[in-house]
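See structure below.
Quick caveat, the model's predicted, so the values are computed rather than measured. Naming: A, B, ... by sequence-line order, numbering from 1 per chain.
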Amino acid sequence: MAYQEIVSTGSVYKGRTSMWLYLFHRITGVALFGYLLLHIISTALILAGPEIYEGAEAIYKNFYFRLGEVGLMAAVLAHAINGLRIITVDLWKKGSDYQKSLNVVALLIFIGIFVPTTYRMITSYFDICIEKSSPGTTVVDCMVRPLPDWKS
Amino acid sequence: MDVKLRILRFNPETDRKGHWEEYNIEADPDERILDLLHKVKWFDDGSLAFRRSCAHGVCGSDAMVVNGENMLACQVLVKEVSNPIKIEPIRGLPVIKDLVVDMETFFESYKKVMPYLVNDEVPGERERLQSPEDRDKFEDTTKCILCAACTTSCPVFWTADTYVGPAAIVNAHRFVFDSRDNASKQRLEILKDVNGAFRCRTAFNCTTACPRGIQVTKAIEDVKRETLTIN
Ligand code: HEM
Ligand code: SF4
Ligand code: FES
């Protein structure tokens, strides 16, 4: 007679917001850790010489990577703000009474920082791109291709 | 009304995996989920296994996953859930048969926190006295019926049954904050462990699941902060 640890067949537990935030926090936490490893490897290329380091950096200088950076910023920001929310629930005596409000507060703080930061990141990308590229380069040019004559 | 009941069945002698079975039942909107299970077992398929005893939300035998959420089958009416009704065993514990799970780890964790009054001093002439304010500190956690709805709704417990779980912490809370008890420090030592209160990730599923309306996560948070006061 065999016991079965998990018989559940593809049905999802109906948790509320905080359950999904728990999952979200773990996913962003692990993803950020993965990114950090890659980032360390990439920056460590400086040990192999400036040309190789610059070569790797050049790969990142296009609009798609800038969008990726916006995602990275969002992940760090959301993880950090959600982390502070969790700390509040843990350490503030009334934290668990107000947990639903704290979820909303965390979301509002996230939006409050995410929107202007994204705006700055996108506009500054185009500013630098147009400034450093050959005359006549448009925003659309900056978007669709990496710019070979864009030197750091 | 016609009700479609979908039950996740598991027969240890023939199955390697659970499978859904569907039953069409004539039911009154005011009947309880437990009544539907009885109808299946008594008139349709006698091999269906589930636990129940009091049928009135007191014994804590019949916690199960109904439409994706933990609840007591004897406490929820047909009209309170959407149709078809999906029923599964509570999660994170080994299934013995159908809706019956092995509660061994659950009760091991419960025993670990010493869920009884520890006080060797002579009580005096009559009972040990306590002010109403002191009594209020643990009023909420006296209501637990050990149904395991909280512990088996916990995403941390699903993947790590070494975590003592909400129910054990609720029952520790019951005595940790009791001014008549002398073993708080021992309990808090146990709950300071990596598998203790701080393993809680504040998903709040337990609070939603508790059929007694206990503020389970709040109790866990009280215990977390209390573990920080001992060294
Ligand atoms: C920027 C400020 C940060 C804050 C305020 C923060 C806060 C927190 C907190 C409070 C927890 C515990 C969550 C809980 O108890 O449920 C946590 C978990 C975690 N964090 Fe962060 N964190 C930050 C940055 C990072 C970074 C940069 C990484 C990646 C390298 C990271 C990776 C993780 C991981 C893997 C977990 C475990 C998740 C889990 O147990 O579910 N965190 N963080
Ligand atoms: S705290 Fe609530 S959900 Fe948990 S075992 Fe006790 S009665 Fe059941
Ligand atoms: S049968 Fe006793 S609690 Fe439901």
Test item: Y13(A) side-chain N/O and V65(B) main-chain N/O as donor-acceptor pair under 3.5 Å: no
Would you check if the side chain of R225(B) reaches a backbone N or O of W92(A) as a donor-acceptor pair within less than 3.5 Å? yes
Greatest number of heavy atom pairs closer than 4.5 Å to chain A - which of V101(B), N205(B), T202(B), N11(B): N205(B)
So does K143(B) have more than 12 non-hydrogen atoms from other groups sitting under 6.0 Å from NZ? yes
Could you look at K86(B) and say if it's the side chain, the backbone, both or neither that has a heavy atom under 4.5 Å from chain A? side chain
Could you give the distance from CZ (R201(B)) to CG (D90(A)), rounded to the nearest 0.5 Å? 9.0 Å
Heavy atoms of S18(A) and A203(B) approach each other most closely as CB-O, 3.3 Å
Go through the atoms of V12(A) and report whether side chain, backbone, both or neither lie under 4.5 Å from a heavy atom of chain B. backbone
Are F204(B) and M19(A) side-chain neighbours, meaning at least one heavy-atom pair lies under 4.5 Å? no
Salt bridge or not for K94(A) and E221(B), using N-O below 4.0 Å? no
Under 3.5 Å, side chain of K218(B) to main-chain N/O of D97(A), donor-acceptor pair present? no
If you tally heavy-atom pairs under 4.5 Å between each of H25(A), Q99(A), R26(A) and chain B, the highest tally belongs to Q99(A)
State whether the number of non-hydrogen atoms from other residues, nucleotides or ligands found under 6.0 Å of Y98(A) atom OH is greater than 12. no
Return yes if a side-chain donor-acceptor contact under 3.5 Å exists between S11(A) and E88(B), otherwise no. yes
Less than 4.5 Å apart, side chain to side chain, heavy atoms only: is that true for L228(B) and L91(A)? yes
Look up atom OH in Y22(A) and atom SG in C154(B), then write down how far apart they are to the nearest 0.5 Å. 7.5 Å
Part of T207(B) lying under 4.5 Å from any heavy atom of chain A: neither
